[in-house]
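Let me begin by presenting the structure, written as structure tokens, before commenting on it.
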Number of protein chains: 2
Amino acid sequence: MKSNEIKEAALKYFTIHGYEGASLSQIADEVGMKKQSIYAHFKGKDDLFLQVLRDAKETELSSKLQYFSNIGSQHPEKDLYGFLQLVIALFKENEQLKFWLRMSFFPPAHLVKAIEKEVIDIEEKVQAILESKFHDWIDAKAIFGDSAKTPTLAFLGIVDSIMLELVYVNDEKRLKDKLEASWTVFWRGISHR
Amino acid sequence: MKSNEIKEAALKYFTIHGYEGASLSQIADEVGMKKQSIYAHFKGKDDLFLQVLRDAKETELSSKLQYFSNIGSQHPEKDLYGFLQLVIALFKENEQLKFWLRMSFFPPAHLVKAIEKEVIDIEEKVQAILESKFHDWIDAKAIFGDSAKTPTLAFLGIVDSIMLELVYVNDEKRLKDKLEASWTVFWRGISHR
DNA sequence: CCTCCCCTAACGAACGTTCGTCAGTTTATA
DNA sequence: TATAAACTGACGAACGTTCGTTAGGGGAGG
């Protein structure tokens, strides 16, 4: 399917140059066609962008939800650290997560509302399932604490900081160091002594 | 000085729309002149951008270094939490930190090298002074741990996640919750029991 | 005091280029 | 032959930039 090729190229250029910096002619060049031909598949730049955005959202959401559906309430240490590794893997194997991160925090001005809706949606779902997991772990005395909210928000903070580090790719060792450091302190902060 | 007004307007539009999305005519409108007049003060768009960038860098660096120069090695809890509050205050009182954050992680493609140099410079300095503080705190048995690197990197992660939350301004309460959660877990993770 | 000169700051006009988009036409596939 | 997808051509608008030209404000020399 040609429209998937277009979306793939669009994803690449939107990620690197942002919405305003990415041009349809670049994208068309990448798939070997003229920019006008894009209009046979999409209504325009906004339409293309929003479809790429929704694809990225779906990929991220389904990956994360699937991960949590396969874990129990016995091994928070393994499962939480595994989640961080999942995020890193997702980031490296496709550009969608980087695109998603960029557009979540620095959206094109005229699409703020549309993007915000998607971001809030995915955020609420991830936070909800994570919070229920922390709730289970607390009940099972697998971690320290009384409220599930605190470790949930703190963990989401770790995820964000790791993603920022991933954007900043130049140094694989620094990523590893930062992951180890954040995880070590975080786990000590929520585990029993 | 008129060129400061131009830089102020440029900061605003670069922050909101990014480098490619900000136009000289918008910036000129903001200060009540034509875009051609900008060329009486700056060589071009790149020159204007880089001057804004260096101003932002200097503001951030001097604020942070000044904060650390005024603290001792006795009260890490107060001083570290105070640093997070400083970052939040800086973010709210001027746009430079938001601009800096955006351009650090999503720089315009043709200026990547120039921006990277500034980012690495500031990053190394902040990390170095923070690490020396953690070293002192460990020596003074004020916090738990053997290496200063681990808490340093973990704390920088907290700072990053808080800044991301600040970009995402819509919810003041969420910021407060996230700060409290991250800080609570972090402090428990590095303090003695 | 006056005038000549240089400087800064701003201007209108125009440059060449690229942008996103639309219309009409050809090509290929089924 | 019908339909979808690619093409060519053109559009107005905006982009960053350059040009030549004003208006005004010191200093210097007569």
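Keep in mind that the numbers below use all heavy atoms, side chains included, and drop hydrogens, waters and symmetry copies.
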Query - Distance in angstrom units between A/Glu20 CD and C/dC19 C1', rounded - result: 13 Å
Requested in this report: Is it possible for you to say whether B/Leu65 and B/Ile71 belong to one hydrophobic cluster, with membership spreading through side-chain heavy-atom contacts below 4.5 Å?
Outcome: yes
Query raised in the report: Do other residues, nucleotides or ligands put more than 12 heavy atoms under 6.0 Å from B/Glu8 CD?
Result: no
Report task. Send over the distance from B/Phe42 CZ to D/dG16 C1', rounded to a whole Å. Result -> 16 Å
Requested in this report: Under 4.0 Å between any heavy atoms, over every strand shown, what does A/Ala28 touch: base, sugar-phosphate, or nothing? Just pick one.
Outcome: nothing
Query raised in the report: In residues 46-55 of chain A, which ones come under 4.0 Å of DNA chain C, going by heavy atoms?
Result: none
Query raised in the report: Rounded to whole angstrom units, what separation is found between the OH atom of B/Tyr19 and the P atom of D/dC15?
Result: 13 Å
Query raised in the report: What pairs of residues pass the side chain to side chain donor-acceptor pair (under 3.5 Å) test when at least one of them lies in residues 132-152 of chain B, not counting sequence neighbours?
Result: none
Query - Nearest to side-chain heavy atoms of B/Ser25, which nucleotide of D/dC15, D/dA6, C/dT21 - result: D/dC15
Query raised in the report: What is the distance, rounded to the nearest whole Å, between atom CG of A/Leu24 and atom P of C/dT17?
Result: 21 Å
Requested in this report: Would you indicate, yes or no, if C/dT8 has its OP1 or OP2 atom less than 4.0 angstrom from a side-chain nitrogen or oxygen of B/His41?
Outcome: no
**Report entry** Option among B/Phe99, B/Tyr13, B/Phe42 that satisfies the ring pair (Phe, Tyr, Trp, His ring centres under 6.0 Å) test with B/Phe49
**Finding:** B/Phe99
Query raised in the report: ring pair (Phe, Tyr, Trp, His ring centres under 6.0 Å) with A/Phe155: which of A/Tyr81, A/Trp187, A/Phe186?
Result: A/Phe186
Query raised in the report: So do the side chains of A/Glu123 and B/Arg174 get within less than 4.5 Å of each other, counting heavy atoms only?
Result: yes
**Report entry** Length of the line joining A/Phe14:CZ and C/dG20:C1', which is rounded to integer Å
**Finding:** 12 Å
Query raised in the report: Taking DNA chain C as the partner, which of residues 32-40 of chain A come within under 4.0 angstrom of it by heavy atom?
Result: A/Lys35, A/Gln36, A/Tyr39
Report summary line: A/Lys2 NZ to C/dT29 P, in whole Å, measures 11 Å
Query raised in the report: Which one of A/Glu60, A/Glu118, A/Glu95 satisfies the side-chain hydrogen bond (donor to acceptor under 3.5 Å, both in side chains) criterion with A/Trp100?
Result: A/Glu60
Query raised in the report: Can you tell me how far P of D/dT17 sits from CD1 of B/Ile27, to the nearest Å?
Result: 11 Å
Report task. State, with a plain yes or no, whether a side-chain heavy atom of A/Gln127 is found less than 4.5 Å away from one of A/Leu153. Result -> yes
Report task. Please report, rounded to the nearest Å, how far the C1' atom of C/dA10 is from the CD atom of B/Glu5. Result -> 14 Å
Query - Distance under 6.0 Å and angle within 45° of ring axis: B/Lys45 vs B/Tyr19 - result: yes
